[in-house]
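In the text below, chain A, chain B and the rest are named by the order of the sequence lines, each starting its count at 1.
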Amino acid sequence: MIKALWDLTEQLGPALVVSLVRLSIGFAISLMLGTLVGVLLWRFTVLNRAFGPVLLGVQTLPSVCWVPLGILSFGLTEQAMMFVLVMGSTFAIAISMRDGLWTVPPIYHRAGTMLGARGLNYYRYILLPASAPVFASSLRQGFSFAWRSLMGGELILATRNHGLGYLLELGRSFADVHQVVAVMLVMIIVGMAVDRWLLAKLEQRVHRRFGLIT
Amino acid sequence: MTGKLELIGVSKRYSVGERWAVQDITIRCAPGEFVVVVGPSGCGKSTLLNLAAGMLKPDQGRVLLDDRPVVSPGPERAVVFQEHGLFPWMTAAQNVEFGLKMKGIARSEREDRVAEALKMVHLSHSANKLIHQLSGGMRQRVAIARALILNPAVLLMDEPFAALDAQTRTLMHEQLQEIWDATKKTIFFVTHSVGEAVRLADRVIVLHAHPGRVRREIRIDLPHPRQFDSRDIAEIVRIVRTEIEDEVNRVNKELADEFWKPRKPADLGQLAGDMGSGI
């Protein structure tokens, strides 16, 4: 096992970089989109009535199921990869954002308008910070979906740059169990590391600020 | 002098066909007057305050501030909420500053005024603390500073001290009187505590529940600041309390006729004796 990891380091390094770059770009896009969709659903009840249930349905679709559509729309390209990642995580972020906004205590709205925060000022100074604890949680959830989708996409989609998923698939092709398990381990470790050392820390900081934990 | 708050023949119900939460209530607060509305829970006192704040619109009647109609919440009618409503992501000073920031006042002036407002509520030392680091009484003082800094025409207070312990509440009463004396603001204050009402008010308005109407108005001509345990206060408290007890009994009877019969004390005693046996 360890030997397999050692033998792989040459390929693993670049593949890890490729995957992480993809993740950063794709996750940023789906964060923006998901937040936007979440806020719209929260703000406009009609939209939520119309699309809320659909969104939940789409969310239950495994993210690799977006791969065929991605290939047909974008070919075997980076865009197709991004498509899979974004579709796989945006809705999870949107749903948790919307649900979170519902739990923002109405007193902040009353206090905010009383103090003269209207329009954009209200969103910027009241709603955005008030939803920070929720946003931090949706970040964590969104990340796990994004990472999963990307690995699935890389496994199936063969593009010019090789990510971790491709190495996994390569291991299968050569019937190399050691490589397969080694790559899986790396995937798990990346997922854990980002969650624990980045996102969970961020969430903790926000919660501490709000006095939700001491 | 500004600060004339008038509710004229206001009625409000939350949905058509339901009873009126408040019905045909007229209350006029003169500039600088301290008016306290007191009544049992569910009598519509919070509704009344929300109408004055512009958070609710009356179905009938008008709400006027200095002869201009009130249409929306705004800084000239600052509210101190029961659950303080401070923003936990800001420090105490930032909370106090927020209203001025929304008004577009320059930073240097803001800083001076924040310092002054915090001094007024004796919280200069806690300016940079986060809200969850403050005690209940301190939070309400920040909320009061946040309201006062806007230099509102009236201060609306919705059971602001209800969640505090008795000692802190007494302290808050003293400080509020001090502030009122210094600023001469019109204060419209809502509470269920008779003692609090009588101690603070120039005029106490006792509400009648289901539907909410004015049951009695009592002017209190005792000089401020008042001693809570003075005989005059105790006498007026007794009068107001009788009114309220009548009211509570009437409401309970009404409810009881519909679906609940109160048990006799003896029954309750037996119940208490049984508590936990047979577990």
Side-chain angles (χ1 to χ4, degrees), chain A residues 31 35 38-39 42-43 45 49 96-140 198-214, chain B residues 46 49-50 52-56 70-92 94-105 129-136 139 142-152 154-158 160 163:
Chain A
L31 255 188
T35 305
V39 170
W42 165 79
R43 179 71 182 75
T45 321
R49 286 240 189 90
S96 76
M97 194 69 203
R98 176 201 65 184
D99 293 354
L101 285 170
W102 279 338
T103 65
V104 170
I107 182 101
Y108 296 149
H109 179 251
R110 295 169 66 202
T113 49
M114 181 269 285
L115 294 167
R118 280 167 212 286
L120 265 186
N121 273 346
Y122 172 69
Y123 278 84
R124 180 171 163 204
Y125 293 110
I126 310 288
L127 195 67
L128 193 74
S131 59
V134 181
F135 188 71
S137 308
S138 78
L139 216 65
R140 279 182 84 177
L198 210 71
L199 301 174
K201 283 262 163 18
L202 185 79
E203 191 181 43
Q204 228 175 35
R205 262 187 72 168
V206 173
H207 283 189
R208 190 161 290 147
R209 172 107 197 176
F210 275 65
L212 298 171
I213 48 167
T214 47
Chain B
S46 286
L49 189 124
N50 282 327
M55 310 232 178
L56 290 174
V70 164
V71 288
S72 64
E76 72 284 355
R77 281 160 289 111
V79 185
V80 177
F81 303 96
Q82 180 181 348
E83 46 315 18
H84 68 75
L86 297 170
F87 305 130
W89 56 91
M90 299 181 188
T91 62
Q94 285 168 338
N95 265 286
V96 176
E97 185 189 14
F98 187 72
L100 295 181
K101 199 167 163 183
M102 290 300 102
K103 270 188 178 173
I105 286 164
K129 286 204 173 136
L130 288 168
I131 301 311
H132 69 90
Q133 295 166 326
L134 303 174
S135 69
R139 288 177 198 174
V142 175
I144 292 171
R146 171 174 84 165
L148 283 175
I149 202 170
L150 299 164
N151 197 17
V154 291
L155 192 57
L156 305 171
M157 307 185 84
D158 187 1

Does any heavy atom of chain B fall under 4.5 Å from the side chain of A:Ala132, the backbone, both, or neither of them?
-> neither
Quick one: OH on A:Tyr125 to CD on B:Gln94, what's the gap to the nearest 0.5 Å?
-> 11.0 Å
Of all the heavy-atom pairs spanning B:Phe81 and A:Ile107, show the shortest one and how long it is.
-> CG-CD1, 3.6 Å
Part of B:Arg77 within contact of chain A (heavy atom distance under 4.5 Å) = backbone
Measure the spacing between CZ of A:Arg110 and CD of B:Glu83 and express it to the nearest 0.5 Å.
-> 6.5 Å
Heavy atoms only: give me the nearest A:Ala111-B:Gly85 pair and the separation to one decimal.
-> CB-O, 3.6 Å
Which atoms of B:Leu86 come close to chain A, meaning under 4.5 Å heavy atom to heavy atom: side chain ones, backbone ones, both, or neither?
-> backbone
Looking at B:His132 and A:Arg209, what are the two nearest heavy atoms and their distance?
-> CD2-O, 3.3 Å
Applying a strict 4.5 Å limit to non-hydrogen atoms, the region of B:Lys101 in contact with chain A is side chain
For B:Gly74 and A:Arg118 the tightest heavy-atom approach is CA-NH2, 4.2 Å
A:Leu128 and B:Trp89, any side-chain heavy atoms less than 4.5 Å apart = no
What pair of heavy atoms forms the shortest contact from A:Phe210 to B:Pro88, and how long is it?
-> CD2-CG, 3.5 Å
Give, as side chain, backbone, both or neither, the part of B:Gln82 having an atom under 4.5 angstrom from any heavy atom of chain A.
-> neither
Do you know which two heavy atoms are closest between B:Met102 and A:Leu115, and how far apart they sit?
-> CB-O, 3.6 Å
